[in-house]
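Lettering follows sequence order; numbering is per chain, from 1. The figures that follow rest on heavy atoms only: side chains count, while hydrogens, waters and symmetry mates do not.
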2 protein chains.
Amino acid sequence: MNDYKAQPPVGMEPSGATPAGDSVYQQIRDDIISGRLVANERLVVAELAQRHNTSANPIREALQMLRGEGFVIISPNRGARVRPIDQDFVRDIYEIGVLIEPALTRWFVGMATSQDIAQLEAVQDEIEANNFADTLRHSELDTRFHTIMYERHYNRHAAELWWKHREVLRAVSRRFDFTLARRAQVMREHRELIALIKAGDADGSAALVAQHVEGSGRHILEHMRAAETARAS
Amino acid sequence: MNDYKAQPPVGMEPSGATPAGDSVYQQIRDDIISGRLVANERLVVAELAQRHNTSANPIREALQMLRGEGFVIISPNRGARVRPIDQDFVRDIYEIGVLIEPALTRWFVGMATSQDIAQLEAVQDEIEANNFADTLRHSELDTRFHTIMYERHYNRHAAELWWKHREVLRAVSRRFDFTLARRAQVMREHRELIALIKAGDADGSAALVAQHVEGSGRHILEHMRAAETARAS
DNA sequence: ATCTTGCAGATAATGTGCAATTTTAGCCCG
DNA sequence: CGGGCTAAAATTGCACATTATCTGCAAGAT
């Protein structure tokens, strides 16, 4: 039994959501990620309440949470809209990742045990076994790879920030396929990262992770640009 | 006329708050910052509603927002509490600042006009004229100094993140006084930073800002530790 | 004797329906 | 074709009903 569902690092997401609010939050979030709710679409409280068999308050709470994560924009007296996840937004997000992840990695290199390494290698083996055949599964394994490194970091805020941003990028990249070049690069970088961690090279690992995140971000942006020009014609 | 009230960078804080909710948010926030609401104190919705002459919903909204900024902790079915701003929390926050601010600075160095430099120097002159006599005023001037550099950054998320964290640290440091050593260092670093920006030295500026933020964080932590040991005796 | 366990009652958070205010869209008129 | 008025729609705020948690205490077990 091997569940490869991507999960937030333990102890994270203090949510602060009420039972019903959290449920609705999950569903609306899924609807946005999957594209059932389209960019700039208006999110009418009454309508959502009806669709989710609840009342206004839980909906409002869910919308507030989604605003906090960047999926929704709320303007006073005007209501909520689905945030258009454009290139600028994605760039903002991954740039912050480029700043944070290397620092998280650096700490991990100093703390990693042989068990941690073994875990990383096991996940990487699964990634290579899957070899992007199931892209959703790849996404989850890849997330797990990074989670292993970050989940025990002492700076819970930084880790939470990373997770929040990761989720947004995952949502976007779900719509695209990996180019062959990117696939090869991901494999190479993961393997090399493991080697650097084994060697205890904190600076090297941090630099590589920065490059890895940067590459991931650029890859997504390229896809978005391609999709946009395709739409224009 | 020279208002030196610290203000968020323009276009920031898309708030997403309803009129009443925003008002209550401001007041509760002030109450936490000023210490009228003490660490771990329970925030009862009905009571707050009465005190602020409103009903439950605006209170809940305000609490959600405060949770997003780290001032409040909410647990489902148990309500909200004032977040104890302990040393770990402060360390988490300023460490993220150390990661983000240098990047924001680097961009500014590439974009700064002579007018920007003049603004920085003008603010720095005011800072030196005040010379920590009015610590609140110093805090606001210092914030303005950094805001000049960051407010036009293209990455609005990074800038907003910086602002949110800055506000928390400002809230904490309001309780302490600057040591003489720290005062001197702040002056030195600001002056040197201006010089580096003038020279167009992006890397040097970034490194100096990292050191500056690090120093500020450590300074606050030292004060907190001192206050705690004083309380223990 | 002490600790655990189970049970009311109180307290407060959560969810629901509704009234009031604001925005929005349609429509008539110039 | 454009500007102001009116009605519908949606957000916002409020009072109340419901549900969950906490407190204190008593009964039973170790």
### Query
What string of B, S and - do you get for nucleotides 7-23 of chain D 5' to 3' if you count protein non-hydrogen atoms under 4.0 Å?
---SSBBB-----SSS-
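- The pair B:Glu167-B:Arg170 counts as a salt bridge, with a side-chain nitrogen and a carboxylate oxygen less than 4.0 angstrom apart.
- Taking 4.5 Å as the limit, every side-chain heavy atom of A:Phe89 sits out of range of all side-chain heavy atoms of A:Val172.
- Relative ring orientation between A:Phe176 and A:His223 is described as parallel, the plane-to-plane angle staying below 30° on a 0-90° scale split at 30° and 60°.
- Not one N or O on the side chain of A:Arg152 forms a donor-acceptor pair closer than 3.5 Å with the backbone of A:Met149.
- The closest donor-acceptor contact from the side chain of B:Ser139 to the backbone of B:Thr135 lies at 3.5 Å or more, if one exists at all.
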